[in-house]
Every structure is written in C-alpha cells, then in structure tokens.
Amino acid sequence: MPDPFRVLVLNQVSASGLKRLPSDTYVVGKEVTDPDAVLLRSADMHAMDIPPGVKAIGRCGAGTNNIPVAAMSARGVPVFNAPGANANAVKELVLAGMLMAARNLAPAQRFVDLLDPGAADLEKAVEAGKKDFAGTELAGQTLGIIGLGKIGSLVADAAIKLGMNVLGYDPEITVDAAWSLPAQVKKAAGVNDVLKSANFITLHVPLLDATRNLVNAKNLALAKQGAVLLNFSREGVVDDEAVLAALDRKDLGWYVCDFPGSRILRHARVIALPHLGASTHEAEENCAVMVADQLRDFLEHGNIANAVNFPNVSMERESRFRVAIANANVPNMLGQISTAMARAGLNIHTMVNKSRGDMAYTLVDVDSPVGEEVIAALKRIGGVLAVRYLPQP
Ligand SMILES: NC(=O)c1ccc[n+]([C@@H]2O[C@H](COP(=O)([O-])OP(=O)(O)OC[C@H]3O[C@@H](n4cnc5c(N)ncnc54)[C@H](O)[C@@H]3O)[C@@H](O)[C@H]2O)c1
Ligand SMILES: O=C(O)[C@H](O)COP(=O)(O)O
C-alpha cells in the first residue's frame, strides 16, 4: 500500500472539494506536515517557506497573485486554479455594485438605519428623506469593461440584458472568450477610450506587472463626470490615492470595490466590500471541486489541466508504469529523456510532450517497472525540473 498523499489546506476550502480526496489515499488538513500539495484560496504564500516535497499547488479560485508562481515554475511545480468557477458569483456582485451606486443604496440604508423606530412622524421622515437618494437607471447607460475573460464576458452579457451599452477592452482576449461575448459589445481602443466613454467602468483583469495601477491619476482625468468605477479585480490594479482625489473633485461619482484598503475606508463615496466576490456557496463549491479533481489527477496520474504555469497535458494510462517530467522548453530534452530510459532497458509504450512558454511537460508510459536509478538519471539531465514515478498497483 503506497503512502497516502498529504495535502495542506491553508484556507476555508469547501468540504465538497475536500471530499474529492478520499481518506484512504489522502491525508488532508490545516495541520498536515511534509505536504505533497497545498490547497488554498487567498492566503499569501509569498513569505511562506514552501516545503521541498510540495509537488502541486491548488488555488480554489481565479487569481494566483498570492502564490509565487515563478518560483514554483523553477521547481517544476504546477499551480492550478479554477477558471470560471466563481465568475457568476462575481458577475452578480458587480451588478449589485452598479445598482448600489446608481441608486445611492448605501447612504439610503444609512439614513434609514438612523431613523427613530418609535417616532410618530416616521413615515413623513421617510418620504421627506428620499429625495436625497434619487438615482439613475442602468438601462441606456454605457458600461466599460476592462478584461473580457471569464468574469468580464458574463458581466457584458448581463449588462446587455439590462439594456446597457457595453464597451470592452482586452488586448489579450482569447478566441474562446471572444466567441462568448455578445455581438453588441463594442471594442474599445484602450483604457483611455473606456474611461472617456463609460458611465460605469468595471475591472476584470489579473494583478500583473502590466496591470498594476492600470487605473491611475492620468487616465482618471479622462473619466466622465460622475462615472462609477468598480474594482472586483485586485487592490493593486487601481491607484487608491488617485481614486480618492477623483472622488473629491467629483470627477468620479462612486468607487465600488472588493478590497477595503486603509486609504479608502470610510470615504463617503466609496462602497467597500470585504473581498466577497467569490463568497457564495455555489462558487466556493465549484472552485474547490474543480481544483481538488485537477490536483488528484495530477498527483495520481501526472495529468495537468488548468495550471497557470504549465501546458494542459493528459494521457490515458496505457501501462501501469508512468513517469512525469517537468522540464525547461529547450532543444534535445526528449532525446535525453528517451536515451536515459533506453539505457535502462525500458521500452516506451507511449508518451506525450507539450510546452507553454519556457515550460515543457512530458508523460511517458513504459512497459516495465522503473528503477530508482533511472529516476535519478532523469533528474540529473540539465533542464529537468521535476521527475515523478507514478506506478499503479
Ligand atoms: N473579488 C473577487 O472575489 C474575485 C473573484 C474572482 C476573480 N477575481 C479577480 O478577477 C480577475 C479576473 O478573473 P477572471 O476569472 O475573469 O480571469 P480570466 O483570466 O478569465 O480573465 C482575465 C482577462 O483579463 C485580460 N487582461 C489581461 N491583461 C489585461 C490588460 N492589461 N487590459 C485588459 N485586459 C487584460 C486577459 O486577457 C483575460 O481575458 C482574477 O485574476 C482575480 O484577480 C476577483
Ligand atoms: O481570485 C479569486 O478567485 C477571488 O479573489 C476569490 O478569492 P477567495 O477564494 O479568497 O474568496
């Protein structure tokens, strides 16, 4: 009986996902030591000493900026995420955010909270107060969407259905995402174009070097007066100081965001939520199940689906003896791998090799058991980052 896989869980991950890792072959929990894999949501792994035995990381969500992906790539460790699994939850919260801003719901609620329930003129006070909170309707307004991936495309579709005009910008849109966009979405030339034209601007990009401070003092100066900026992306995508200045100048009407950093807290025109975008039972379950299944397929069979730093690679088992190799995407790796196996008298039954950027990944099924010396020889090949032997009973 092989040792069980050990999975360290860093956040509150849905039990439905954890149940996908059966207790006879997995030890899963927050106190697990010497883990083979880590499952998490938003815990910050950058300062963490990631144990050398970690073979995979599973982010039960979309953003992986809390994980040292480049360092994991250098170790040949895939970082899995759950594309689209929480997109509907975020879309619904964006719609809520637009409505909260357009209808002044936050100050209206604060006004009602302060009413005296015992006052004889309660109804009169309600009717007198409501004029301060009159708003606008969404239909007919222009929504600018920056980032048209899983979330952005759902937001576009919902906004069109609400009667909004939609303008989208995404310089790296995938073919699949482009196909899933409603035909009515107009293409913007850039962030400036979106800011100039939209009454509502919503951000759905990952936090990368290229997207840090994507919305800043320079381009906020172009915003339509009273525009509403929504940030359900990441705190660093928006320059908070620039937003505060734009709100104070009344250039921006509202800033709705899911990241209540210290600078924006308690500003009267900021609606800040506690990173709630993906916090629905449905999204938490979808993300955890998707990532746990991907992690299990990788740990047991070496197959890779939805790793942000590896190609998708999957091969049906054609023999009981499988070797999985992560290697640099450079010439002659396959030649060296097959030579090392041939020297040990191993016959390759079938193999698959794919690459993505600097990373390549190879699965090899051989006809007979693979000795430790062969695994050691494979590990010694320059450019090989990680080797795993995955025999089946
Ligand atoms: N608030 C929350 O709880 C919550 C939940 C889910 C995701 N998120 C955040 O939202 C981000 C997007 O999620 P997703 O599921 O839509 O991801 P996704 O990968 O499907 O889409 C991201 C899109 O951004 C585009 N993009 C990249 N750089 C860009 C740029 N400079 N300008 C315009 N577009 C650019 C990409 O081409 C891609 O289409 C995540 O990375 C995460 O940071 C937040
Ligand atoms: O990137 C994501 O998926 C979201 O920010 C959700 O984060 P959470 O899983 O910590 O709620």
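What's counted below: heavy atoms across the whole structure, side chains too, no hydrogens, waters or symmetry copies. Whatever order the structure lists ligands and atoms in, that order sets their numbers, starting from 1.
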Query raised in the report: Does ligand 1 have an atom under 4.0 Å from some heavy atom of Pro171?
Result: yes
Requested in this report: For atom 9 (C) of ligand 1, state which one of Ala283, Gly61, Gly63, Ser233 supplies the nearest heavy atom.
Outcome: Ser233
Report task. Under 4.0 Å from a heavy atom of His275: give me the atoms of ligand 1 that qualify, with their elements. Result -> 1 (N), 2 (C), 3 (O)
Query raised in the report: Is any N or O atom of Ala278, backbone or side chain, closer than 3.5 Å to an N or O atom of ligand 2?
Result: no
Query raised in the report: Does Asp36 come within less than 4.0 Å of Lys55, counting only side-chain N to carboxylate O?
Result: yes
Query raised in the report: Which is closest to atom 7 (O) of ligand 2 in terms of heavy atoms, Arg234, Arg59, Gln12, Arg41?
Result: Arg59
Requested in this report: Tell me yes or no: between the side chains of Ser319 and Asp365, is some donor less than 3.5 Å from an acceptor?
Outcome: no
Requested in this report: Would you mind running through ligand 1 and noting each atom that sits below 4.0 Å from a heavy atom of Gly147?
Outcome: 24 (O), 33 (C), 34 (N)
Requested in this report: For ring-ring contact (aromatic ring centres under 6.0 Å, His included), just list the numbers for Phe232 and His204, CA-CA rounded to whole Å, side-chain angles, deciding distance to a tenth of an Å, and then say yes or no.
Outcome: CA-CA 7 Å; Phe232 286 84; His204 299 294; 7.2 Å; no
Requested in this report: Could you establish whether Ala177 and ligand 1 come within less than 4.0 Å of each other, counting only heavy atoms on the residue side?
Outcome: no
Query raised in the report: Counting only heavy atoms on the protein side, is anything nearer than 4.0 Å to atom 43 (O) of ligand 1?
Result: yes
Query - Per-atom contacts of ligand 1 with His204, taking only distances under 4.0 Å to non-hydrogen atoms - result: 12 (C), 22 (C), 23 (C), 24 (O)
Requested in this report: Taking atom NE2 of His281 as the centre, report whether more than 12 heavy atoms of other residues, nucleotides or ligands fall under 6.0 Å from it.
Outcome: no
**Report entry** atom 3 (O) of ligand 2: nearest protein contact (heavy atom, Å)
**Finding:** Ala62 N, 2.6 Å
Query raised in the report: Is the closest heavy-atom distance from Ala278 to ligand 1 below 4.0 Å?
Result: yes
Query raised in the report: Numbering the atoms of ligand 2 from 1, which are under 4.0 Å from a heavy atom of Gly63?
Result: 1 (O), 2 (C), 3 (O)
Report task. Measure the distance from atom 26 (N) of ligand 1 to every protein heavy atom, then report the residue, atom name and distance (to 0.1 Å) of the closest one. Result -> Asp170 OD1, 3.8 Å
Query raised in the report: Is there a heavy atom in Glu284 that sits closer than 4.0 Å to ligand 2?
Result: no
Query raised in the report: Taking the minimum heavy-atom distance to atom 34 (N) of ligand 1, which of Asn65, Asn66, Val205 ranks first?
Result: Val205
Query raised in the report: Is any side-chain N of the basic residue among Arg41 and Glu284 closer than 4.0 Å to the acidic one's carboxylate O?
Result: yes
Query raised in the report: N/O of Thr211 under 3.5 Å from N/O of ligand 1, yes or no?
Result: no
**Report entry** Contact atoms of ligand 1, heavy-atom distance to Gly277 under 4.0 Å
**Finding:** 1 (N), 2 (C), 3 (O)
